[in-house]
Amino acid sequence: LVLEDVADTQMKAKGRISRSTALLVDKSLSMSEAIEVGKQMAAMISAIMDAPFYCYSFDTMPYELTAKDSTLASWEKAFSGIKASNATHNAAPLIMMQKQKRAVEQILMITDEGENRSPTFNKALHQYAEALEIPVPSVIVLRAGNRNSWGHTTKVLENQDDVDLQVYEFDGDYYSLPNLIPFLTQGSKLDLLMDIMAVPLPERKTAYHVPPPLFEVGEFTIQNLQRIIEVKHVAYDWRRPVGKTSGHDTGRTCSLCCE
């Protein structure tokens with residue numbers, strides 16, 4: 001209950017998720033840690049979703065999980081039949097989502113990356129996007145479990161120009177899990193780039209300026225512009241940087257106002 005309260009308070013300050021999201025939880029052999037993390041993440045994500053949310057657990061087969069509400073107790077019940085066993089097929093939920101025609105914009109996968117079935121996650125990801133005629137979803141990999149296989153999947157994804165990939169490692173601190181939420185509430189890297197491009201660039205300002213005329217100078221000529229116009233002993237010179245004054249301020253007289 002303490003963890004749930006802390007997570008709820010932190011999430012309320014981190015915004016809501018507007019992008020359709022799939023949570024994929026590895027339940028293969030020795031992945032009990034991933035299952036526990038999956039319960040927490042499912043509760044946190046579903047509580048702040050403003051778009052479709054799908055949750056799957058997988059070993060060599062995918063298992064769709066649903067809860068009646070976003071409480072941790074409901075997700076504990078949804079995961080009650082999920083036990084760590086069997087081999088790993090990270091692509092299994094993507095294949096099911098493709099058959100269900102469920103398009104998402106981002107995927108959070110909790111896994112040790114030790115996939116040992118084909119097709120690979122990378123291949124299935126691109127087949128999924130092509131079949132549903134959507135951009136390749138952003139992928140967030142939360143590493144958990146056996147460290148020896150970390151990098152197996154992400155190493156391939158890192159070399160794909162069309163995959164927006166982020167990787168994080170779970171160190172056993174469940175109180176740190178809400179820190180992942182901002183990465184789900186924000187847009188993709190392309191969205192961020194578009195936001196940056198939409199910001200107008202600052203206008204360049206020169207240190208020199210031509211002051212507005214303070215009296216009629218007659219014919220508009222360079223000679224007239226170059227005259228120092230002095231009114232009430234304040235000098236303006238278009239050739240000097242703004243803020244500088246002439247020697248007139250020292251008390252010397254001029255032909256314009258002191259005679």
Side-chain angles (χ1 to χ4, degrees), residues 1-27 31-58 62-82 90 92-94 96-97 100 102-113 121 125 128 134-145 154 163-189 191-192:
L1 289 178
V2 174
L3 177 58
E4 189 173 2
D5 291 340
V6 170
D8 183 63
T9 300
Q10 290 180 331
M11 284 188 301
K12 287 179 179 178
K14 297 180 186 295
R16 298 186 64 81
I17 301 174
S18 60
R19 306 174 72 207
S20 51
T21 304
L23 172 63
L24 314 182
V25 183
D26 189 344
K27 65 164 289 293
M31 290 303 293
S32 297
E33 183 179 65
I35 295 173
E36 292 303 314
V37 173
K39 297 174 185 177
Q40 301 288 340
M41 293 305 303
M44 286 189 283
I45 293 172
S46 61
I48 56 173
M49 283 298 307
D50 290 333
F53 172 61
Y54 310 107
C55 181
Y56 298 85
S57 184
F58 65 91
Y63 309 91
E64 184 175 359
L65 304 174
T66 58
K68 65 178 183 179
D69 55 47
S70 62
T71 63
L72 181 58
S74 292
W75 282 104
E76 289 272 7
K77 185 175 181 180
F79 275 83
S80 60
I82 301 299
N90 291 349
L94 286 175
M96 174 176 275
M97 290 169 62
Q100 295 172 323
R102 288 181 172 173
V104 297
E105 297 169 86
Q106 60 185 359
I107 295 170
L108 170 60
M109 181 167 62
I110 306 171
T111 180
D112 64 355
E113 304 185 55
F121 182 83
L125 179 67
Y128 163 79
I134 60 172
V136 177
S138 302
V139 178
I140 301 174
V141 174
L142 177 56
R143 291 170 172 166
T154 53
V163 178
D164 180 4
L165 173 68
Q166 298 184 73
V167 182
Y168 302 93
E169 299 176 359
F170 178 65
D171 60 2
D173 180 10
Y174 286 89
Y175 289 93
S176 69
L177 291 177
N179 294 330
L180 283 173
I181 296 301
F183 298 101
L184 295 169
T185 58
Q186 70 181 13
S188 65
K189 291 180 180 178
D191 294 330
L192 179 59

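For the side-chain contact (heavy atoms from CB on, under 4.5 Å) criterion with Leu108, the lone passing option out of Val141, Val25, Val139, Leu142 is Leu142.
Looking only at atom types and distance, the side chain of Tyr128 has no donor-acceptor partner in the side chain of Arg102 under 3.5 Å away. Side-chain polar atoms of Asp50 and Ser18 form no donor-acceptor pair below 3.5 angstrom.
Between Glu33 and Arg143 there is no salt bridge, since no side-chain nitrogen of the basic residue lies less than 4.0 Å from a carboxylate oxygen of the acidic one.
Here Ile82 contributes atom CD1 and Glu76 contributes atom CD; the two are 12.5 Å apart, rounded to the nearest 0.5 Å. With rounding to the nearest 0.5 Å, the separation of CG in Leu177 from NZ in Lys39 is 13.5 Å. For the atom pair Met31 CE and Ser57 OG, the distance stands at 9.5 Å (nearest 0.5 Å). Here CD1 of Ile140 is found 6.5 Å from OH of Tyr168. Values are rounded to the nearest 0.5 Å. Put simply, CD on Gln106 and CZ on Arg19 are 4.5 Å apart, with the number rounded to the nearest 0.5 Å. Rounding to the nearest 0.5 Å places CD1 of Ile181 at 11.0 Å from CZ of Arg16.
Between Leu24 and Thr111 there is no side-chain heavy-atom pair separated by less than 4.5 Å. Thr21 has its side chain out of reach of Ile107: every pair of non-hydrogen atoms, C-beta onward, lies at least 4.5 Å apart. Here the side chains of Cys55 and Thr66 are not in contact, with every heavy-atom distance at 4.5 Å or above. Residues Phe58 and Lys27 fail the side-chain proximity criterion, which asks for heavy atoms closer than 4.5 Å. The shortest side-chain heavy-atom distance between Asp26 and Ile35 does not fall under the 4.5 Å cut-off. Taking the side chain as every heavy atom from C-beta outward, Met44 and Pro178 approach each other to under 4.5 Å. Put simply, the side chain of Leu180 reaches to within 4.5 Å of the side chain of Met41, judged on heavy atoms.
What you find for Leu125 and Pro137 is that their closest heavy atoms are CD1-CD, 3.8 Å. Residues Ser176 and Asp171 come closest through the heavy atom pair OG-OD1, 4.3 Å. Contact record, Gly145 with Asp112: C-CB, 4.4 Å, taken as the closest heavy-atom pair. Across all non-hydrogen atoms, the minimal contact from Gly15 to Ile48 is O-CD1, 3.8 Å.
Ring geometry for Tyr54 versus Tyr56: interplanar angle of 30 to 60°, hence tilted.
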Take Thr154 and Glu113 through the test side chain to side chain donor-acceptor pair (under 3.5 Å) and record every step on the way to the result.
CA-CA 8 Å; Thr154 53; Glu113 304 185 55; 2.9 Å; yes

Dump the intermediate steps for side chain to side chain contact (heavy atoms under 4.5 Å, CB included) on Lys77 and Lys68, then the final yes or no.
CA-CA 10 Å; Lys77 185 175 181 180; Lys68 65 178 183 179; 5.9 Å; no

Are Glu36 and Phe79 close enough, and set up right, to give a side chain to side chain contact (heavy atoms under 4.5 Å, CB included), and what steps lead you there?
CA-CA 9 Å; Glu36 292 303 314; Phe79 275 83; over 6 Å; no

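Residues satisfying the side-chain contact (heavy atoms from CB on, under 4.5 Å) test with Ser46, not counting sequence neighbours, are Phe53, Ser70, Trp75. Take Asn90 and apply the side-chain hydrogen bond (donor to acceptor under 3.5 Å, both in side chains) test, not counting sequence neighbours, and it matches Thr153.
A donor-acceptor distance shorter than 3.5 angstrom exists from the side chain of Glu105 to the backbone of Ser20, with no hydrogens or angles considered.
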